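What you are looking at is a predicted structure, and each value in this text was computed from that prediction instead of being measured. In this chain, residues are counted from 1 in sequence order. Order of listing sets the numbers, starting from 1, for every ligand and every atom in it.
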Amino acid sequence: MPIHSRSSNHGRRAIVVGSGPNGLTSAALLARAGWQVDVYERNAHPGGAAASADTLGLGTVVDLGAAGHPFGVASPVFRNLDLTSHGLEWVHPEVPMAHPLPHGEAAVLHRDVEMTAQGLGPDAARWRSIHGHVIEHIDEHLRNLLGPMLRVPPHPLRMARFGPVAAAPASWVVNSAFSTEAARALFLGSAAHAIVPLTMPFTGAFGLLFGALGMSRGWPVVRGGTGQLVEALLSVLRAHGGQVHLNQEVTSLADLPTADAIILNLTPAQVVRLTDTADDAGSQLSRPTRRRLNNWRYGTAAFKVDFLLDGPIPWTNPAVAGAGTVHVVGGSRELIRAEADVAAGRLPRYPFVMVCQQHAADPTRATGAAAGKTVVWTYAHVPHGYRESRPGEIAGLIMNQIERFAPGFQQRVLKQVETSPADLAAWNPNLIGGDVAGGAMTGSQALLRPGLTFGPYRIPQSRGSANHTARLYMASSSTPPGAGVHGMPGAWAAQAVTQDFTD
Ligand SMILES: Cc1cc2nc3c(=O)[nH]c(=O)nc-3n(C[C@H](O)[C@H](O)[C@H](O)COP(=O)(O)OP(=O)(O)OC[C@H]3O[C@@H](n4cnc5c(N)ncnc54)[C@H](O)[C@@H]3O)c2cc1C
């Protein structure tokens with residue numbers, strides 16, 4: 001993975017289209033290796049779905065996309081880029097994650113497997129036995145999982161141990177392993193980050209890995225907003241001479257300066273559009289590649305609502321107040337039903353709501369006119385491209401859900417900013433239909449991104465392609481290991497570039 005040597009790369013030029021965390025990771029690695037790197041970003045601010053801004057208009061920071069970072073803090077490439085020396089600071093809440101349950105109960109994930117297990121009563125031993133091995137060997141598991149699946153894993157024996165639970169549907173894992181609602185809900189809430197029905201294969205992997213990361217590396221937020229992680233990536237890039245050009249939407253590869261490599265921080269539908277040509281060739285992509293990318297399916301959506309409150313959320317169970325991430329839905333059956341409904345295109349009455357209480361770890365999250373108040377980030381899973389039947393429909397459902405476990409919440413709301421799936425896609429075209437994962441994690445797409453190929457980061461071109469001088473690459477959440485702010489698709493793509501240009 002480390003891409004260092006400068007000497008052999010003098011004179012090589014790379015262009016990156018898109019400044020999301022994967023685009024910037026590729027850019028930073030290549031610049032550090034001696035490439036001349038230019039990043040073109042359509043928006044006025046860099047960072048893609050890892051940006052932060054003052055959307056409440058109060059002089060305080062709000063995470064526009066990603067908020068909680070179990071993968072970011074564990075990311076090998078972020079460590080390799082030494083982002084903490086460039087201003088990144090992870091801050092941990094007292095409790096990584098909590099899941100309030102009916103009757104004032106709550107399941108709590110601690111940064112310690114023993115403490116977590118002790119809170120799960122009769123399920124303590126099963127919880128330990130399912131997660132213990134992954135936690136103990138977390139680095140090896142991450143090396144297996146944070147890369148392409150079509151390869152021999154670096155630690156095959158660990159993979160063999162991970163496989164049985166990981167390949168199973170999360171619903172099956174909890175029903176066969178646990179007897180308490182607390183353990184079931186805690187596991188399923190993590191699994192729901194797959195944003196697919198929890199009865200589908202491989203959702204067990206999400207439950208296992210998110211939980212194991214929370215219990216080992218934690219589930220931190222970034223001090224000052226996720227945008228500070230973007231600033232750290234930019235700092236590395238600029239330290240090595242790279243540049244970012246904002247307000248530059250790339251609509252044709254022909255408009256770009258000459259380069260050796262073009263890395264597209266985009267999803268398959270965008271890659272197809274960008275490489276379609278008006279000439280006889282029709283596309284710069286080879287036919288099988290175009291077909292493969294055209295077959296890519298996008299998944300269910302997020303509907304985001306940020307709240308300004310006149311105080312913290314009044315959770316019935318006080319343990320939930322100290323959690324950075326809170327999974328709000330009810331018990332395991334409600335969660336399974338909610339995710340099944342969304343996948344079937346139905347809006348659940350009780351949707352799965354993700355709440356991030358960044359202030360539980362980071363005191364800088366309510367400044368300016370928000371000082372002394374509380375800013376809370378939430379989103380609900382909704383069907384792909386969902387359009388509200390009336391204004392405020394989803395914000396109402398989110399408030400109802402939180403109110404069930406925190407009576408009095410609604411009275412604390414001073415202001416709210418709603419971001420629908422259409423708003424998300426208008427802000428960042430990678431979020432097609434409000435899909436925050438760059439493509440559904442269903443069927444073969446759960447493992448093979450983007451589709452069946454041994455070279456997920458290389459984009460094979462047609463022979464007569466107009467831009468045949470530049471080789472094309474893809475680095476986004478549509479390439480392995482998928483969504484999240486960890487930069488690993490960017491790292492693998494940069495590695496493919498340097499391999500292809502090694503003299
Ligand atoms: C609401 C929401 C909540 C999330 N929560 C979390 C979380 O808590 N934790 C987590 O780890 N992950 C979370 N994610 C997912 C995570 O943010 C994404 O997986 C990650 O940002 C993907 O990074 P990327 O670099 O592939 O693309 P993106 O971050 O999507 O960036 C792509 C960039 O390309 C630019 N672009 C697109 N088309 C063009 C063009 N033609 N020309 C120039 N520029 C272009 C876009 O403007 C954008 O800046 C969340 C995402 C969203 C939207």
Could you tell me if Thr275 and Gln284 have a donor-acceptor pair between their side chains, going purely by distance under 3.5 Å?
no
Going by atom types only, do Tyr386 and Glu393 share a side-chain donor-acceptor pair under 3.5 Å?
yes
What about Phe78 and His486, are their ring centers closer than 6.0 Å?
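Ring centroids of Phe78 and His486 are no less than 6.0 Å from each other.
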In this structure, is the centre-to-centre distance between the rings of His69 and Trp219 below 6.0 Å?
no
Just to be sure I understand the cut-off, which residues have at least one non-hydrogen atom under 4.0 angstrom from an atom of ligand 1?
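Protein residues near ligand 1 are Val17, Gly18, Ser19, Gly20, Pro21, Asn22, Gly23, Tyr40, Glu41, Arg42, Asn43, Gly48, Ala49, Gly65, Ala66, Ala67, Gly68, Gln248, Glu249, Val250, Asn265, Leu266, Gln270, Lys304, Trp377, Tyr379, Asn428, Pro429, Asn430, Leu431, Val436, Ser476, Ser477, Ala483, Gly484, Val485.
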Drop me the distance from Arg346's CZ to Asp341's CG, to the nearest 0.5 angstrom.
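One finds 4.5 Å between CZ of Arg346 and CG of Asp341.
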All pairs passing salt bridge (Lys or Arg N to Asp or Glu O under 4.0 Å) where residues 475-492 contributes a residue, at least two apart
none
